[in-house]
Structures are given as C-alpha cells and as structure tokens.
A.B. asks: 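For reference, the structure I am asking about is given below.
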Amino acid sequence: MPADKPIEIEDIGSNPEVRESIGELIERRLSRRAALLGVAGAATLADQLVAAAEPALAQVPAAGGPSTLTFPEIRHQLSQRDAVPEGYEAQVVIRWGDPLLGDAPDFDPNAQTPASQAGQFGYNNDYIDFQPLPQGSRNAEHGLLCVNHEYTDTQLMFPGIGSGRAARLRPTAEQSRTERLAHGHTVVEIRRENGRWSYVKGSRYNRRITGETPMRVSGPAAGHDLLKTNADPTGRLVLGTLNNCAGGNTPWGTVIIAEENFNYYFGGAAATTGAQKDAYRRYGIVAEAQYGWGRFEDRFNLDKEPNEPNRFGWVVEYDPYDPQSQPVKRTALGRFKHEGATHVVNHDGRVVFYSGDDERFDYLYKFVTARPWNPNDRAANRDLLDEGTLFVAKLQDDGKLEWLPIVHGQGPLTAANGFANQAEVLINTRRAADLLQATPMDRPEDVETNPVNNRVYVMLTNNSNRTAQQVSPANPRPRNNHGHVIELIPPAAGNSFDHAATEGGRWAIFLMAGKPGQDAGAQYHRATSDQGWLSCPDNCAFDAKGRLWIATDGAPSAAGVADGVYATDTAGAGRALTKLFYQAPTGAEVCGPRFAPDDKTLFLAIQHPGDDTGSTFEQPSTRWPDFQAGMPPRPSVIAIVKKDGGDVGT
C-alpha cells in the first residue's frame, strides 16, 4: 500500500472473536490430502476432489507448453514506467481531471475547485464496467465506461499541502468539498476508432456521481431509526456515496457500485463513548477520522450526527443509460466493507450476487433474489434487489461449503441478541455474521464467477495478522503476506449449477501466492516461470474462454515487485500456471480489469501512481505531467490492446 494512503483499517481487523481461520482450514484440508503430492499435485487438487475429468471445460494448451495464453510474458520490475508484452500497447482512455461535461474546464492542478471537479473525471479510479452502445447490443468498440472513484490522496491533489494524515486534516472547506466531489463514480461515453480508444466530452450519457449526489434508500433498512439524521428525518435519502472500490452489474443493464472503507470519513468522541460505540468499533470507526471533513460538515462528526455512518457501507444501483436516474442504496444486500457485488444468473432465473468484506478475518457473502429476473421487461427488475436473502459462507474442513442465512429470527439473530428486526440485522451485518460463526477469511476482495465452468473464484489479498500458532504444512507462513485464491464449486442442478443452494457446494485452493522457493507455502502449476508468481491478488476478471486474469494490490511492499496483472487457465493442463501480462509504474495499484465484449481490449484502472517514497515524478505535488507517452502519473483508465487487433489473451 502507498505510504500516504489512509491507514488500512482492514490491515488491523475489527473482528473481536476470530474463530478458526481460513489458514487452519487450509492446513487440515490440504495436509491430509496433498502434503505428499508436491506443489503441482496441490495445484490440481481441487479438480481431483470435486469431480472426475471435465474434458468439455478443459482449455486446449498452446503449442510449446501447457498454457493456452500465447502472449510473451514480461519480466518482474519495480520501475517508474509500466510494461506490456511485445506486440501490445497501453492507451490512455481518461484520467483524473479530464473534462467530462460540456462546460467543464481543462484540468489545472493549481486551480482545483468544487465546480471544476464536479464536471471532471474523479480521483483514484477502481472498478470498471463497460456497457455497450446501443443498449442491449454486443458492440465492443462503442459504449459507456463506468468507473468507481475510491478515495483521494490529499497530498497529491493540492500542491504544497504536506503529506500523510496531517495533509488530509489540513484542507480548507473548499478543498474538502473538492475531495468529496472527486469521490464516487463516473459514466463516460467511449469509442474505438482506427484502433485507438478515446472518450467523448460532453456526451449526453456523461455523468458524475459524487459524495454529494442524492440517493434513495430502499429495502428492509429504509426508514429505520438508525438511518435517520437531522438533515434526513425520514431515513430514506442519503447524500452521496463514498469509498467506492470494486463493483458489479446486473443482467438488466444497471451498474452496482460498492461502498468499502466508509469508516475513514467519520470521527468524534462518540466513537468510544456513545450509544453506538460497539457497532462503530466493529466497522473500524474511531475517534480520529482520516479526513477533516467533519470540521465543515456536521454529518461527518459522530457527536452531531451519530447515525450518518449507518447510511454508508451499502451497495448502490444506478442506470448508466439514464443520466437523470437516481442511484439507490439497496440495503437487502447488507452493510459491510463491500468489495464488489458480482452476479451470476442461477439455473432457475434468480440472480445471485457475491461479495467479499475486505478486512482481515471478515467474511464472504452472497445475496439471492427472491424471484427470477425478467429478460423481457427491464422495468420489472427495477426493485429486484430489495427482496431476497443474504447469506454468509462457512467453509468446512472436509471441503464442504455451507451458506448461512442472515435472517432475523433464525438461529441467534433474535431480539435477545439485540436484533429487533431484519433492518437491524442488515445494518449490523458483521455482528450477525459473527454470531452465525461464519469462517473468518484473509481479506476477501473480488469474487467472480467463471462464465465457462460456473465456479466462483475468491481473491484473498493477504493477512499479516496470522499468528505463529496458525502455521501449517499447507501454509507454513506465520504471516500470510501474499494471499491466495479459493475456488468455490456450487452443487449441480441438472445440466447446470445451483448458486442459490445453501449446502452441497465445495471449496478448494486454486493457488497460494508468493515466490516459490522463497515464500513457504507458495503453490502454482509446476511450470510457472520465475516471472509468473504473484503477490496480493485483489481484483479479477474472466475472458470468454474462462481464463482468470488477476490484478494485484500490495506487491511492492510484500514482494518487492510492482503491482500488475497475471493470467492463467482455470482448467486443463495449464490450470494455475500464472503468466505476468502487465506491470504498473511504481506506487500504483492495478484495479478493475474488464474485457470488452470481443476480448480485444482489456481495460485497467491505474490507481495512485507515484504515491510512494522516492518517486521521481515531476512537481507540483500532483505529479501531473506525463512521464511516459501513453502512461500518465495521474490516476487513469488505460486500454491494453494487441497491435495486430487480435484477442488480448489469444
């Protein structure tokens, strides 16, 4: 993580009763069955345990090796420049401060105002979605780029303001508002013409959703007393969305943006003395906020508005094709540090959304809609996310996967344990999951379903808080600094799979990150090269062939290499053989991998480039001038394409 990023609350862990960890489950599960198999045997263990051979799902290796991926692998680096394979290029699509709306000014790092930022591309882009134009088409060269803006680096935004938390507490009222308007989300029309991507300034689709955009609250928690404030006595209208990390979309063409580390923005003595102090603690809310916004807006001061934090930590749904539509916070999907909400359509037409709660020792969730979606009537799906059941995962040591319903009145979720109704269960989702004894995980981040094999892949970024007592033959590291990837296999349902099932699923390890031979417990395909190992898996995406593309966050500090993108087959001879495809400039995190519908473009979000000690980027402190053609140090979205116009992975 960059040195000046707000303190990583997920690095601390707020779960007060950590039970059996995922590391201990891995130990028993693999030590009994895989200790004698070696690295390659462990890497293919999931297939052996789950089912017989699956020739229909196996990817066909390319000539000369087991991997189907034919791009020339690049070398690990830690450089001021980014790197792509030979025969590829990285094109800048849009970057922080680029004008979106017709009257927005060009970016000027020395003259930032709320008015200018409201019409410009936001800061620290993360999740990326691509919605084709026209709506309902498969057009891969014209569409809407939908991008989250997670947080702001105050010390890089405003020249001369200083560094660290002191800088975040120093902005004026106008600068603080500029930061809020740099948060949120962007919708921008983009085109590929003559092989190059660019955005359309002033498009009727272009839109900024910010920390001040009015949003409707829906679902079981809407109108509850814990969501009411002086500014909103109804508890049904929230001003803005914050810390939007990963996200998702729906089959009916809406986009979901997920609120993650919302705790950064709130502070006050009530964090330790107020009536909600225990609830605050479970979400990592402390007396000293990471930003100084509470000096100017009462809603960020717990002593004046103790319920305001309860209005964040949700997922937000909006319609990218209608710039006048009001975003909606869908409370049925629970309140926690959502690392996305990605969907799969179940065999019965219901829609299942998977989410990770990005903090050490927190949990993995899924939400199942109460009724099927209607593919013939988009309007009929408008409030589909308000009715359904939220579940939390329990991974058994024998490889079985159980989903526990988070429903008021079931098990310990009763008035006797402090839950008067379903609204209170959802507002305090973490505590409900604690009582259900879900499996604490090692920072569950992106969770995506493979479109080919229907398995679900969970990125577990790391857990440096694992103690020496948790060391095991399968994961012999007292600190899981490098993370791992887990594969969830839903039970069969005829010729399909049942993602809505509560029992009958299984889980297995797909890979253990780290450098083989150096980091104990690292496990990949035995043919993985010296450049193919990875550290700190974070976001992911699948191409049309079902191959997994993994973006990393934290590799510079954990492994001494830049963050990047790695690709691997998920079945066949090249399963878990990761290859290095892209590396970002030093200090940058790689987020939001998203393929265009034809697999000929891979969009990436390059977040906080240059935000590291020793960077040599030019001044002012925004480091805004280009240091390399095609890769600006400003947070940006890039498009990686193959020069011959072929599929990115081929």
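Values in this document were obtained by computation on a predicted structure and should not be read as measured data.
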A.B. asks: Hey, is the main chain of Ile489 close enough, under 3.5 Å, to the side chain of Arg506 for a donor-acceptor pair?
C.D. replies: no
A.B. asks: Would you call Glu89 and Arg196 a salt bridge, using N to O less than 4.0 angstrom?
C.D. replies: yes
A.B. asks: Using only heavy-atom distances, determine whether the side chains of His149 and Thr186 contain a donor-acceptor pair under 3.5 Å.
C.D. replies: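 Side-chain D/A pair, His149 to Thr186: present.
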A.B. asks: Does Lys579 make a cation-pi contact with Tyr566, if we ask for NZ or CZ under 6.0 Å from the ring centre and within 45° of the axis?
C.D. replies: no
A.B. asks: Testing the 3.5 Å rule here: is there a donor-acceptor pair between the side chains of Asp82 and Tyr582?
C.D. replies: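 The answer is yes; a qualifying pair exists.
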A.B. asks: So, does Thr578 use its side chain to make a donor-acceptor pair with the main chain of Ala567 at under 3.5 Å?
C.D. replies: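 Not a single qualifying donor-acceptor pair exists.
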A.B. asks: CG/Asn124 to SG/Cys591 distance, rounded to the nearest 0.5 angstrom?
C.D. replies: 8.0 Å
A.B. asks: Can you tell me how far apart OG1 (Thr528) and CG (Leu580) are? Round to the nearest 0.5 Å.
C.D. replies: 12.0 Å
A.B. asks: Assess, by modelled atom type and distance only, whether the side chains of Thr552 and Asp563 contain a donor and an acceptor separated by less than 3.5 Å.
C.D. replies: yes
A.B. asks: For a side-chain contact (heavy atoms from CB on, under 4.5 Å) with Pro593, tell me which candidate from Ile550, Asp543, Ile640, Asn539 qualifies.
C.D. replies: Asn539
A.B. asks: On a heavy-atom basis, which atom in Asp446 and which in Cys540 lie closest, and how many Å separate them?
C.D. replies: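 Of all heavy-atom pairs spanning Asp446 and Cys540, the closest is OD2-N, 2.9 Å.
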A.B. asks: Among residues two or more places apart or on two chains, list those pairs meeting salt bridge (Lys or Arg N to Asp or Glu O under 4.0 Å) that have a residue in residues 638-650.
C.D. replies: Lys545-Asp647, Lys642-Asp644
A.B. asks: Between the side chains of His499 and Tyr354, is a donor N or O closer than 3.5 angstrom to an acceptor N or O?
C.D. replies: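 Yes, because at least one side-chain N or O of His499 sits under 3.5 Å from a partner of the opposite role on Tyr354.
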A.B. asks: For Tyr365 and Trp403: C-alpha separation, side-chain torsions, deciding distance, then whether ring-ring contact (aromatic ring centres under 6.0 Å, His included) applies.
C.D. replies: CA-CA 8 Å; Tyr365 298 86; Trp403 290 98; 8.6 Å; no
A.B. asks: Identify which one of Glu259, His185, Glu260, Glu150 satisfies the side-chain contact (heavy atoms from CB on, under 4.5 Å) criterion when paired with Asn244.
C.D. replies: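 Exactly one pass, corresponding to Glu259.
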A.B. asks: Restricting to non-hydrogen atoms, name the atom on Val590 and the atom on Ala551 that form the minimum distance, rounded to 0.1 Å.
C.D. replies: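 Scanning both residues, the minimum pair turns out to be O-CB, 3.4 Å.
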A.B. asks: Once rounded to the nearest 0.5 Å, what's the spacing between atom OG of Ser636 and atom CG of Asn125?
C.D. replies: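 Spacing of OG (Ser636) from CG (Asn125) equals 6.0 Å.
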A.B. asks: So, for Ala573 and Pro66, which heavy atoms are closest and what is the spacing to 0.1 Å?
C.D. replies: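 Scanning both residues completely, I find the closest heavy atoms to be O-CB, 3.4 Å.
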A.B. asks: If we ignore angles and hydrogens, is there a donor and acceptor under 3.5 Å between the side chains of Arg547 and Thr68?
C.D. replies: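 A pair is found: one side chain offers a donor N or O, the other an acceptor, under 3.5 Å apart.
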A.B. asks: Mark yes or no for whether His608, through its side chain, and Gly587, through its backbone, hold a donor-acceptor pair below 3.5 Å.
C.D. replies: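 Such a contact is found between His608 side chain and Gly587 backbone.
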A.B. asks: Classify the angle between the aromatic ring planes of Phe581 and Phe71 as parallel (below 30°), tilted (30 to 60°) or perpendicular (above 60°).
C.D. replies: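 Correct class here is perpendicular.
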A.B. asks: Using a 4.5 Å cut-off on heavy atoms from C-beta on, say whether the side chain of Met459 contacts that of Val485.
C.D. replies: yes
A.B. asks: Quick check: does any side chain N or O of Asp553 sit under 3.5 Å from a backbone N or O of Glu589, one acting as donor and the other as acceptor?
C.D. replies: no
A.B. asks: Quick check: His482 with Trp533 (ring centres under 6.0 Å apart)?
C.D. replies: no
A.B. asks: Decide whether Asn480 and Asp442 meet the rule of one side-chain donor and one side-chain acceptor closer than 3.5 Å.
C.D. replies: yes
A.B. asks: Looking only at heavy atoms, what is the nearest atom pair of Ser535 and Ala559, with distance?
C.D. replies: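 So the minimum-distance heavy-atom pair works out to CB-CB, 3.7 Å.
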A.B. asks: Measure across Ala258 and Gly340 and return the closest heavy-atom pair with its distance rounded to 0.1 Å.
C.D. replies: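 Looking at all heavy atoms of both residues, the shortest contact is CB-N, 3.6 Å.
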A.B. asks: Are Arg479 and Asn462 close enough that a side-chain donor and a side-chain acceptor fall under 3.5 Å?
C.D. replies: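 Distance-only check fails for Arg479 and Asn462.
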A.B. asks: Under a 3.5 Å threshold, yes or no: a donor from one side chain and an acceptor from the other, between Asp498 and Asn346?
C.D. replies: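 Present: a donor and an acceptor within the cut-off.
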A.B. asks: Exactly one of Leu144, Thr601, Ile190, Asn249 should register a side-chain contact (heavy atoms from CB on, under 4.5 Å) with Phe130. Which one does?
C.D. replies: Ile190
A.B. asks: Short question: side chain of Thr568, backbone of Ala576 - any donor-acceptor pair under 3.5 Å?
C.D. replies: yes
A.B. asks: What's the separation between atom CG in Asp358 and atom SG in Cys245, rounded to the nearest 0.5 Å?
C.D. replies: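 Going from CG on Asp358 over to SG on Cys245, the span is 6.5 Å.
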A.B. asks: Evaluate the salt bridge (Lys or Arg N to Asp or Glu O under 4.0 Å) criterion for residues Glu445 and Arg443: first the C-alpha distance (whole Å), next the side-chain angles of each, then the deciding distance (0.1 Å), finally the verdict.
C.D. replies: CA-CA 6 Å; Glu445 298 225 16; Arg443 280 191 63 193; 2.5 Å; yes
A.B. asks: Does the ring center of Phe603 lie less than 6.0 Å from the ring center of Trp197?
C.D. replies: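 Aromatic pair counts; centres sit under 6.0 Å.
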A.B. asks: Give a yes-or-no answer on whether the side chains of Glu73 and Ser529 include a donor-acceptor pair shorter than 3.5 Å.
C.D. replies: yes
A.B. asks: Go through it in stages, so that I can follow the logic: the residues are His76 and Gln583, the test is side chain to side chain donor-acceptor pair (under 3.5 Å), and I'd like the CA-CA distance, side-chain angles, deciding distance and then a yes or no.
C.D. replies: CA-CA 8 Å; His76 277 132; Gln583 278 201 299; 4.8 Å; no
A.B. asks: Apply the test side chain to side chain donor-acceptor pair (under 3.5 Å) to residues Asn139 and Glu141: give CA-CA distance (whole Å), side-chain angles for both, the deciding distance (0.1 Å), then the verdict.
C.D. replies: CA-CA 6 Å; Asn139 193 343; Glu141 297 191 338; over 6 Å; no
A.B. asks: Determine whether the side chains of Glu448 and Tyr457 contain a donor N or O and an acceptor N or O closer than 3.5 Å.
C.D. replies: no
A.B. asks: Distance from Tyr127 atom OH to Ile256 atom CD1, nearest 0.5 Å?
C.D. replies: 8.0 Å
A.B. asks: Rounded to the nearest 0.5 Å, what's the gap from NZ on Lys337 to CD on Glu359? Could you check?
C.D. replies: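 Those atoms lie 4.0 Å apart.
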A.B. asks: Walk me through it: do Gln131 and Cys146 pass the test side-chain contact (heavy atoms from CB on, under 4.5 Å)?
C.D. replies: CA-CA 8 Å; Gln131 293 287 332; Cys146 308; 4.3 Å; yes
A.B. asks: With a 6.0 Å cut-off on ring centres, are His338 and Phe336 close enough?
C.D. replies: yes
A.B. asks: Kindly write out the residues that satisfy salt bridge (charged side-chain N to carboxylate O under 4.0 Å, His left out) with Asp348, not counting sequence neighbours, or none if the list is empty.
C.D. replies: Arg350
